[in-house]
Amino acid sequence: MSRAVSGLSPAALRPLPRRFYARPVLRVARDLLGRLLVHQTPKGRMVGRIVEVEAYRGRDDPASHAYRLTPRSKIMASPPGTAYVYFSYGNHFCLNVVAEREGTAAAVLLRAVEPLQGLALMARHRGVDLRDPAALRRLAAGPGRLTRAMNITGADNGRDLTRPPLYIARGRPGRRLVGRSPRVGVRRAADRPWRFYLRDSGYLSRAGTSPMRALPSRRSRDVPRTWSRV
DNA sequence: ACTACGATCTACT
DNA sequence: GTAGATCGTAGTG
């Protein structure tokens, strides 16, 4: 009954090595798009394609939890590839991957994935009915929904994301149309466009609710410069 | 000890 | 489009 899912070859499911994360966090954030978030649980394996992320830096980033090092944010200074999971708004968990080298305190927030495998399990975690056509789009669209769907909690804080049962795999990131915008829900440093997303994805946290508007773009090295209004 | 405020989501108008 | 839920974290007294 384990139907082969397209794009989930053994090669694609190989974990990203730690050195992948040991680079500037903006670079890591962009490069995480198209990769696979994998969670293997007793109930089954869930896989989602990362389509939306945000970069948070350390003492130079007022929007980051690590702007001031506290007991909570201390874990952001862990070795690259470590999970930073925190509880938000009294309701939801958010999953980050620590980036850059140990001691730097930078991380990437995973904001949305496109569900590829374990859809029924995710739907059960979310308490939604997949027969509703709109349910799939929103299944893991948003940091809280993502963790809920893939059953990621505070117990996963500090975990090593370079190996099972919870890890990020290479995927097959081909040509990617990447958009960027200011980070969602942050008031400080709102001018920094450190949110990155796959422009043609239908699984974004902000795609359905507030339409994205492509503004006249400057030329950029490898990233089309597209802002969305928030 | 007490208070203010979120890196959010859902339901309802 | 807007309000309410809901609670850990962090800053202040």
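Throughout, a chain's letter reflects where its sequence line sits, starting with A, and its residues are numbered from 1. Please read all numbers here as calculations on a predicted model, not as lab measurements.
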Paired to dT6(C) by Watson-Crick or G-U wobble criteria (both distances under 3.5 Å) is none

Taken to the nearest whole Å, CZ/F93(A) to P/dT6(C) is 15 Å

Taking a pair to mean Watson-Crick or G-U wobble geometry with both distances below 3.5 Å, dA7(B) pairs with none

Exam field: side chain R148(A) to backbone G127(A), donor-acceptor pair closer than 3.5 Å:
no

Whole-Å distance, I75(A) CD1 to dT9(C) C1', equals 15 Å

Heavy-atom contacts, protein to nucleotides 6-13 of chain B, under 4.0 Å, summarised as B (base), S (sugar-phosphate only) or - (none) per nt, yield BBBSS---

Ignoring hydrogens and geometry beyond distance, is a side-chain donor-acceptor pair present between R57(A) and S64(A) at under 3.5 Å? no

Got a donor-acceptor contact below 3.5 angstrom from the E52(A) side chain to the Y197(A) backbone?
no

Side chain to side chain donor-acceptor pair (under 3.5 Å) test vs R159(A) passes for just one of N157(A), T162(A), D156(A), namely D156(A)

R148(A) CZ to dT6(C) P, in whole Å, measures 13 Å

- Query: Any chance CZ of R23(A) has more than 12 other-residue heavy atoms, nucleotides or ligands included, within less than 6.0 Å?
  - Reply: yes

Practice task
Using modelled atom types only, decide if a donor and an acceptor are shared between the side chain of R35(A) and the backbone of R170(A) within a distance under 3.5 Å.
Solution key: yes

